[in-house]
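Right, one structure below, let's go through it.
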Amino acid sequence: MESSSTASQSGGRREATRQKLYEAAVTLIAEQGFSATTVDEIAERAGVAKGTVYYNFASKSVLFEELLRHGVGLLTASLRQAAERTAREGLGRVDALDAMIRAGLVFIDRYPAFTQLYVAELWRTNRAWQSTLLVVRQEAVAVVEGVLREGVASGEFSEEIDVPLTAAALVGMVLVAALDWKAFQPERSLDDVHSALSRLLQGRVSGRP
């Protein structure tokens with residue numbers, strides 16, 4: 001049997017390989033679509049043998065499904081960390097939502113190809129991984145829902161708000177605004193985009209306090 005250190009090293013190498021495959025797949029699929037992207041191309045872009053792809057993933061579809069889990073999992077973790085950080089600092093739920101907006105923008109700025117791919121897949125309903133996509137999407141939205149429910153319970157937010165729909169709207173706002181930023185207004189800074197969304201969150205678009 002492998003020693004714990006040897007097993008750890010082996011696991012670390014495999015995770016590094018999977019990360020390279022994720023990065024290669026997301027770039028290629030964003031560029032040319034899922035159907036047009038081949039396993040050979042993914043292997044070549046990742047700098048590994050074709051057999052390595054199948055060693056880690058049973059098929060191209062499985063690779064893509066795991067890519068969605070991995071990417072949205074990173075987004076969910078960043079949102080949760082932002083909310084937990086504001087709680088530790090004793091800030092309110094509006095501050096938590098604002099921190100989550102920024103965390104989402106930072107994620108999208110770092111992984112624009114994945115974000116483009118993720119949003120595109122949300123509109124498709126005939127994919128084998130549709131159920132997985134719905135699950136991981138809900139995990140991300142649920143983090144925002146949790147902050148909203150806490151805000152309602154503490155009296156910071158009105159009891160009349162529709163928590164699930166408001167949470168989905170906030171996540172959608174960040175995704176769409178960030179994609180527009182990257183595609184049509186790349187000269188804007190992350191701080192600039194965050195400031196605009198922050199004002200919208202706090203109901204100050206009209207300039208009222």
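Along the sequence shown, the residues carry numbers beginning at 1. Scope of the values below: all heavy atoms of this structure, side chains included, with no hydrogens, waters or symmetry mates.
- Remark: E44 CD is loosely packed, at most 12 non-hydrogen atoms of other residues, nucleotides or ligands lying under 6.0 Å away.
- In this structure, the side chains of Y22 and F114 stay at 4.5 Å or more apart for every pair of heavy atoms.
- Two residues are said to be in side-chain contact when any heavy atoms from C-beta on lie closer than 4.5 Å; Y111 and L75 fail this criterion.
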L67/L21 under side-chain contact (heavy atoms from CB on, under 4.5 Å): CA gap, chis, key distance, verdict: CA-CA 9 Å; L67 169 62; L21 291 171; over 6 Å; no
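- Both L68 and V62 belong to a single network of hydrophobic side chains, linked directly or stepwise wherever heavy atoms of I, L, V, M, F, W or Y lie under 4.5 Å apart.
- Under the 4.5 Å side-chain criterion, counting only non-hydrogen atoms from C-beta, F57 is not in contact with E65.
- Both I161 and V174 are assigned to one and the same hydrophobic cluster, defined by single-linkage of ILVMFWY side chains at heavy-atom distances under 4.5 Å.
- Between T115 atom OG1 and L175 atom CG the span is 7.0 Å, to the nearest 0.5 Å.
- The cluster map of Ile, Leu, Val, Met, Phe, Trp and Tyr, joined by side-chain heavy atoms under 4.5 Å apart, puts L134 and L74 in different clusters.
- Put simply, the side chain of D109 does not reach to within 4.5 Å of the side chain of V193, judged on heavy atoms.
- Using modelled atom types and a 3.5 Å distance limit, the side chains of E23 and Q19 yield a donor-acceptor pair.
- When side chains are defined from C-beta on, D192 does not count as touching W181, because their heavy atoms never get closer than 4.5 Å.
- Residues A96 and A83 come closest through the heavy atom pair CB-CA, 4.5 Å.
- Distance check, rounded to the nearest 0.5 Å: NZ of K182 to CG of L105 gives 9.5 Å.
- The distance from atom NZ of K60 to atom CG of D40, rounded to the nearest 0.5 Å, is 10.5 Å.
- Atoms CG and OG1, from D98 and T86 in turn, are 9.5 Å apart once rounded to the nearest 0.5 Å.
- Note: the hydrophobic cluster containing V176 does not contain I108 (ILVMFWY, side chain heavy atoms under 4.5 Å, direct or indirect links).
- Across all non-hydrogen atoms, the minimal contact from V72 to A140 is CG1-CB, 4.3 Å.
- A donor and an acceptor atom, one from each side chain of Q202 and S198, are located under 3.5 Å apart.
- Cluster annotation: V135 and L117 are assigned to distinct hydrophobic clusters (Ile/Leu/Val/Met/Phe/Trp/Tyr, side-chain heavy-atom contacts under 4.5 Å, transitive).
- Heavy atoms only, all atoms of each residue included: F157 and V147 are closest at CE1-O, 4.1 Å.
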Apply the test side-chain contact (heavy atoms from CB on, under 4.5 Å) to residues V106 and H194: give CA-CA distance (whole Å), side-chain angles for both, the deciding distance (0.1 Å), then the verdict. CA-CA 10 Å; V106 169; H194 174 228; over 6 Å; no
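- Distance alone, capped at 3.5 Å, places no donor-acceptor pair between the T166 side chain and the V163 backbone.
- In terms of modelled atom types and a separation under 3.5 Å, the side chain of R18 and the main chain of N56 share a donor-acceptor contact.
- In this structure, the separation between OG on S195 and CG on L190 is 11.0 Å, given to the nearest 0.5 Å.
- Using a 4.5 Å heavy-atom threshold, the side chains of E31 and T27 count as touching.
- At least one side-chain heavy atom of Y118 sits less than 4.5 Å from a side-chain heavy atom of L133.
- The shortest heavy-atom contact between L28 and T37 is O-OG1, 3.6 Å.
- Rounding to the nearest 0.5 Å places CZ of R149 at 5.0 Å from CD of E145.
- Using modelled atom types and a 3.5 Å distance limit, the side chains of E139 and T76 yield no donor-acceptor pair.
- When all heavy atoms of Y54 and A58 are compared, the pair lying nearest together is CD2-O, 3.6 Å.
- Heavy-atom neighbours of E159 CD from other residues, nucleotides or ligands within 6.0 Å: at or below the threshold of 12.
- Residues A99 and A82 share a closest heavy-atom pair of O-CB, 3.7 Å.
- Counting heavy atoms from C-beta on, the side chains of M100 and V171 never come closer than 4.5 Å.
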